[in-house]
Q: 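Have a look at this one before I ask anything.
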Amino acid sequence: MAFRKNFLWGGAVAANQVEGAWNIDGKGLSVADVATYKANVDVKDYKKNVAVDSIQIEKAISDKSDEDYPKRRGIDGYHHYKEDIKLFADLGFKTLRFSIAWTRLFPNGDESKPNEAGIEYYRKVIDELHKYNIEPLITLSHYEMPLNLAIKYNGWADRKIINCFTKFAKVCFENFTDVKYWLTFNEIDSVTRHPFTSAGIIPDKSENLLQDEYQALHNQFVASAQVTKLVHKIIPGSMVGCMLTKLTTYPAIAKPEDVLAALNKNIMNYYPADVQVKGEYPKLILEYFKKNNIQLDITDEDLTTLRENTVDFISFSYYMSMLAAGDESGLEMTQGNTVVGGKNPYLPATEWGWTVDPVGLRISLIELYDRYQKPLFVVENGMGTHDKLEKDGSIHDPYRIKYFKEHLKAMKDAVDNGVDLLGYTSWAPIDLVSASTSQMSKRYGFIYVDLDDEGHGTGKRYKKDSFDWYKHVIETNGEEL
Ligand code: BGP
């Protein structure tokens, strides 16, 4: 069986990793603007390592330069959007997944009126995409909430943010009625892994961090359901997806204790999708809350909103898989996508330690489809590597072609198994600043951007060898990989 005829091939980026222009045209500070360069994320204490504390935030606010804050620079996509979209059109993209920086529309997040310059900017981006028949796929929240809301309310831990977000989303829907596909929260499950980046929670301000994290997640579920209702009303025919980090976990060995450990990890990974797809909390999760003394503020109205406004499709990122064991002391640990888990001896890994597991993508697709029976969308998948720009302007990246070839083959196999797949957007079609480490040298693109970790370079865009390869894949609708 082949990919559907109107399969949405494309790529995915996020505003805070691409745009730069952190203080241009009225944009306010976001949580991404205080993130510093961290090349060496410690595997042992990953969560602590990616945390941002009050002292760092204060320092960042008083620092008006972009020197220590790579996401303030991005790849200056804000000023290069026409050139970049033209390159995406040249790749044959049917869709581009990108996010709208909340702080361009509401610099502090709680103003009563939006910043018109922000709306105008995204209007131009959407028009440019439509010029090439590229369907926008917009993420409303991708690790870039207003810093002001983090400081004032401890982010999403406070349910007041639900209305701030709904107001922002409403402005997007009313101004961009020609956009059909929307995602609410990028990797919504990541709130419990990096609460500041994902939900604006400043850990040193939390009296009960675990409870704040799950409350924030709940508030995001409600906000997501609320805006789903809104967009269905404002844009008839629109489609909303939840977005999950697919962290596929295998048992280290066939020992039942290890199987149980993997099962529990997978259940925790699935539950945000359960809530958004089925419209209610799974019983096992409610039991987990009880056992861990997590007392959430969940109103009857929240439960109705969740039940009545489930998502239309399920989107997810997939990069790697991990191992779990009943007793993890014997496991070699490795890092993956904002997570640490057991290293699989049967799989190769990237320079950053993320395992490469194409079959895991097939497994994930089958599991998700079997569990939910809803259309799926792979909205992130790719491999971060060092690339070399040759003197003649070429970049030879056979490893990237190999990675994508294997993953697309696995995806095809899943479709052949009967999975209903809407599309695929690679992460990321163009080099950008890494979410976890803020490195520029961790490159994902088919398009090379001449900038280094310090932001030095011409900023010029070059096509890598993988560019023509992916273009051909799209041309043949994945028939020829
Ligand atoms: C996902 C994020 C992206 C992206 C990607 C790769 O978790 O949604 O924003 O960056 O991972 O991660 P990194 O940039 O840390 O290599």
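Indexing begins at 1, ligand by ligand and atom by atom, following the structure's order.
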Q: Under 4.0 Å from a heavy atom of Ser434: give me the atoms of ligand 1 that qualify, with their elements.
A: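 Numbered from 1, ligand 1 contributes 13 (P), 14 (O), 15 (O), 16 (O).
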Q: Under a heavy-atom criterion of less than 4.0 Å, does Tyr319 contact ligand 1?
A: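 For ligand 1, residue contact (heavy atoms, under 4.0 Å) with Tyr319 is present.
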Q: Is the distance from the ring center of Phe165 to that of Phe185 below 6.0 Å?
A: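 Centroid separation for Phe165 and Phe185: below 6.0 Å.
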Q: Mind checking whether Tyr444 contacts ligand 1 via backbone (N, CA, C, O), side chain (CB onward), both or neither, at a 4.0 Å heavy-atom cut-off?
A: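 Under 4.0 Å from ligand 1, Tyr444 contributes side-chain atoms alone.
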Q: Is Ala14 touching ligand 1 with its side chain, its backbone, both, or neither, if touching means heavy atoms under 4.0 Å apart?
A: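 It is neither; nothing of Ala14 touches ligand 1.
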Q: So for ligand 1, is Val433 a polar contact partner (N or O within less than 3.5 Å, distance only)?
A: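 No, there is no polar N/O contact under 3.5 Å.
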Q: Can any side-chain N or O of Trp352 pair as donor or acceptor with the backbone N or O of Ala349 at less than 3.5 Å?
A: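 Checking the backbone N and O of Ala349 against the side chain of Trp352, no donor-acceptor pair under 3.5 Å is found.
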Q: Tell me whether Asp68 contacts the main-chain N or O of Thr36 through its side chain, where contact means a donor paired with an acceptor under 3.5 Å.
A: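 Between the backbone of Thr36 and the side chain of Asp68 there is no qualifying donor-acceptor contact (under 3.5 Å).
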Q: As an exercise, identify every atom of ligand 1 less than 4.0 angstrom from a heavy atom of Asn186.
A: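 By the 4.0 Å cutoff, the relevant atoms are 8 (O).
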Q: Just distances here: any N/O of Ser436 and N/O of ligand 1 closer than 3.5 Å?
A: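 Among all N and O atoms of Ser436, at least one is under 3.5 Å from an N or O of ligand 1.
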Q: Going by the rule salt bridge (charged side-chain N to carboxylate O under 4.0 Å, His left out), which residues pair with Lys170 if we only count those two or more places apart in sequence or in a different chain?
A: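 For Lys170, the residues satisfying salt bridge (charged side-chain N to carboxylate O under 4.0 Å, His left out) (neighbours in sequence not counted) are Glu174.
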Q: Counting only nitrogen or oxygen atoms and a 3.5 angstrom limit, does Thr338 reach ligand 1?
A: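 Between Thr338 and ligand 1 (N or O atoms, distance only) the closest approach is not under 3.5 Å.
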Q: Is any side-chain heavy atom of Tyr369 closer than 4.5 Å to one of Asp420?
A: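 Counting from C-beta outward, Asp420 and Tyr369 do come under 4.5 Å.
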Q: So, does Asp66 use its side chain to make a donor-acceptor pair with the main chain of Tyr69 at under 3.5 Å?
A: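 No; judged by distance alone, with no hydrogens or angles, the pair does not exist.
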Q: Using a 4.0 Å cutoff against the non-hydrogen atoms of Lys442, which atoms of ligand 1 qualify?
A: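 Near Lys442, meaning under 4.0 Å from one of its heavy atoms, ligand 1 has 13 (P), 15 (O), 16 (O).
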Q: Just to verify, what does Tyr403 make a ring-ring contact (aromatic ring centres under 6.0 Å, His included) with, not counting sequence neighbours?
A: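 If we apply the ring-ring contact (aromatic ring centres under 6.0 Å, His included) test to Tyr403, skipping adjacent residues, the hits are His407.
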Q: Determine the minimum heavy-atom distance between Thr355 and Asn344, stating which atoms define it.
A: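 So the minimum-distance heavy-atom pair works out to CG2-N, 4.5 Å.
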Q: Out of curiosity, is His142 lining ligand 1, as in a heavy atom under 4.0 Å away?
A: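 His142 counts as a contact of ligand 1 under the 4.0 Å cut-off.
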Q: Which ligand 1 atoms, with their elements, are less than 4.0 angstrom from a heavy-atom of Asn337?
A: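 The atoms of ligand 1 under 4.0 Å from a heavy atom of Asn337 are 1 (C), 7 (O), 11 (O).
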